[in-house]
Protein chains: 2
Amino acid sequence: MNKSRWDEIIAVSARLFREKGYRATTMDDIACELNVTKPALYYYIKTKHDLLYAICKSAIERLMEGMKSIMAEQDDIEEQLRRLISWHVNMFSERGDVITVYLAEESELPEEERGFIRSQSRDYEALYRQLLERGIEEGRFRDLDVPMVVRAISGMCNWLFAWYRQDGASTADEIAEIFFDLMMKGCISR
Amino acid sequence: MNKSRWDEIIAVSARLFREKGYRATTMDDIACELNVTKPALYYYIKTKHDLLYAICKSAIERLMEGMKSIMAEQDDIEEQLRRLISWHVNMFSERGDVITVYLAEESELPEEERGFIRSQSRDYEALYRQLLERGIEEGRFRDLDVPMVVRAISGMCNWLFAWYRQDGASTADEIAEIFFDLMMKGCISR
DNA sequence: TCGTGTTTACTTAACGTTCAGTAGGTATAA
DNA sequence: TTATACCTACTGAACGTTAAGTAAACACGA
């Protein structure tokens with residue numbers, strides 16, 4: 001089975017799932033965009049869910065990869081957080097379709113197939129919590145409600161799926177910098 | 001037409017749309033939950049979209065109401081922001097189904113019906129920006145990228161739709177207080 | 001280099017189910 | 001007798017998936 005063809009199918013599916021939603025996108029839509037007939041898709045996949053699963057897997061794995069390498073190659077806790085936010089935000093410019101579909105449609109996956117995706121998400125959050133806890137221990141961060149702050153930060157970043165545009169006024173790096181600055185220093189003047 | 005019956009239909013629809021998704025919920029599902037047959041629903045509504053529209057409208061109108069009355073009855077800018085975040089977060093405990101469906105499924109509305117909802121959302125964001133700008137003018141907030149900070153705050157709050165549970169460890173008020181504190185003072189110790 | 005079998009990458013045609021919406025009727029209460 | 005609030009039974013279209021077939025490329029022994 002042709003590897004680049006598979007990548008193409010995933011890319012097209014992700015784009016259409018993002019534009020129209022998973023349920024609203026038909027196999028005919030995807031096939032048409034690939035200039036083949038619907039049954040040709042079934043030469044590459046078993047079910048429609050396989051497409052969604054592959055997309056979600058790719059998104060969460062890429063998030064994880066980035067987090068792991070940032071935590072490995074950088075000691076300074078504040079710099080780690082900066083790069084983490086930057087990585088997260090940059091996902092929307094570099095893999096916009098994939099991460100958007102992951103965030104918006106993951107719940108459409110049948111229960112059996114969600115296990116791996118879910119566990120990866122939990123690992124991702126756990127690493128985030130570790131980072132904040134280390135920051136508090138080191139005295140760099142104040143005494144925070146760690147799980148809640150992780151949800152705040154990842155919520156702020158995840159919500160990009162609802163408004164981020166490649167051609168928007170700010171680049172991903174600019175957005176990331178503003179978010180990081182806000183999370184570090186807050187709104188209050190002093 | 002019976003008003004309380006209508007409310008009941010909206011409440012049941014919102015709950016099912018939240019649990020299973022808009023597309024995945026059938027009119028039979030809704031009717032069954034109401035102990036009637038499907039055509040009985042069509043005595044009250046014209047199309048399935050009407051249900052989604054009513055839910056989204058109810059959510060955004062309630063958000064707006066709250067914002068307007070908070071801005072009217074409170075002068076202190078910091079206190080306004082505190083109450084705004086609290087109002088937003090409390091929507092998830094008081095109208096969890098409605099606001100979750102609004103956030104997750106608004107995009108399923110056909111283009112013609114989205115106009116009003118969209119314009120309300122824009123007004124909501126515009127008021128938020130005004131608030132922050134006033135805070136900066138008054139010297140209470142530092143010099144912020146206002147549109148981006150609004151997206152950060154509303155993203156943080158909106159993302160509750162993905163994780164908030166009525167029976168979770170923290171109450172809505174507790175969550176709101178942590179979010180507000182984080183947005184005001186940031187993570188850094190000083 | 002020719003012939004034969006196999007694999008790849010599709011096609012046409014259809015099946016079976018799901019589901020929004022409808023036609024037309026009925027029971028009850030005012 | 002009229003309006004309200006349903007019901008049974010159905011239609012028609014959409015859509016995931018499959019069956020069965022094929023054209024072209026490739027592998028390989030004679």
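Per chain, numbering begins at 1; letters A, B, ... match sequence-line order.
- A donor atom on one side chain and an acceptor atom on the other are found under 3.5 Å apart for B/D50 and B/T47.
- Residues of residues 21-31 of chain A that place a heavy atom closer than 4.0 Å to DNA chain C do not occur.
- Using modelled atom types, one finds no donor on one side chain facing an acceptor on the other under 3.5 Å when comparing B/N158 with B/S154.
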Q: Just do the salt bridge (Lys or Arg N to Asp or Glu O under 4.0 Å) check on A/E111 and A/R114 with the steps written out, would you?
A: CA-CA 5 Å; A/E111 209 54 53; A/R114 286 170 82 175; 3.8 Å; yes

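- Atom CG in B/L34 sits roughly 9 Å away from atom P in D/dC6 (whole-Å rounding).
- Side-chain N/O atoms of A/K48 and base N/O atoms of D/dT17 include no donor-acceptor pair closer than 3.5 Å.
- Minimum atom distance to the side chain of B/T47 is reached by C/dG21, of the listed C/dG21, C/dT12, D/dT17.
- Considering only heavy atoms from C-beta on, B/K48 comes within 4.5 Å of B/Y22 through its side chain.
- In this structure, the CD atom of A/E108 is 15 Å from the C1' atom of D/dG16, given to the nearest Å.
- Of the candidates C/dA14, C/dC10, D/dC7, C/dA14 carries the atom nearest the A/K38 side chain, counting heavy atoms from C-beta on.
- A straight line from OH of B/Y44 to P of C/dG21 spans 18 Å, rounded to a whole angstrom.
- If you take NZ of A/K46 and P of D/dT18, they are 9 Å apart, rounded to a whole angstrom.
- Straight-line distance from the NE2 atom of B/H49 to the C1' atom of C/dA20: 10 Å, rounded to whole Å.
- Geometrically, A/K68 does not engage A/Y124 in a cation-pi contact, judged by NZ or CZ lying under 6.0 Å from the ring centre and within 45° of the ring axis.
- The aromatic rings of B/F92 and B/Y164 sit tilted, their planes meeting at an angle between 30° and 60°.
- Rounded to an integer number of Å, the gap from A/L41 CG to C/dC10 P is 10 Å.
- Proximity note for A/R5 (side chain, C-beta onward) versus C/dT11, C/dC10, C/dA14: the nearest is C/dC10.
- In this structure, B/Y43 atom OH and C/dT22 atom C1' are separated by 17 Å, rounded to whole Å.
- At C/dC10, none of the side-chain N or O atoms of A/T37 fall inside 4.0 Å of OP1 or OP2 (strictly under the cut-off).
- The distance from atom OH of B/Y42 to atom P of C/dA23 is 13 Å, rounded to the nearest whole Å.
- Among D/dA9, D/dC6, C/dA20, the nucleotide with an atom closest to any side-chain atom of B/P39 is D/dA9.
- Note on ring orientation: taking the six-membered ring where Trp is involved, the planes of A/F116 and A/Y53 are tilted (angle from 30° to 60°).
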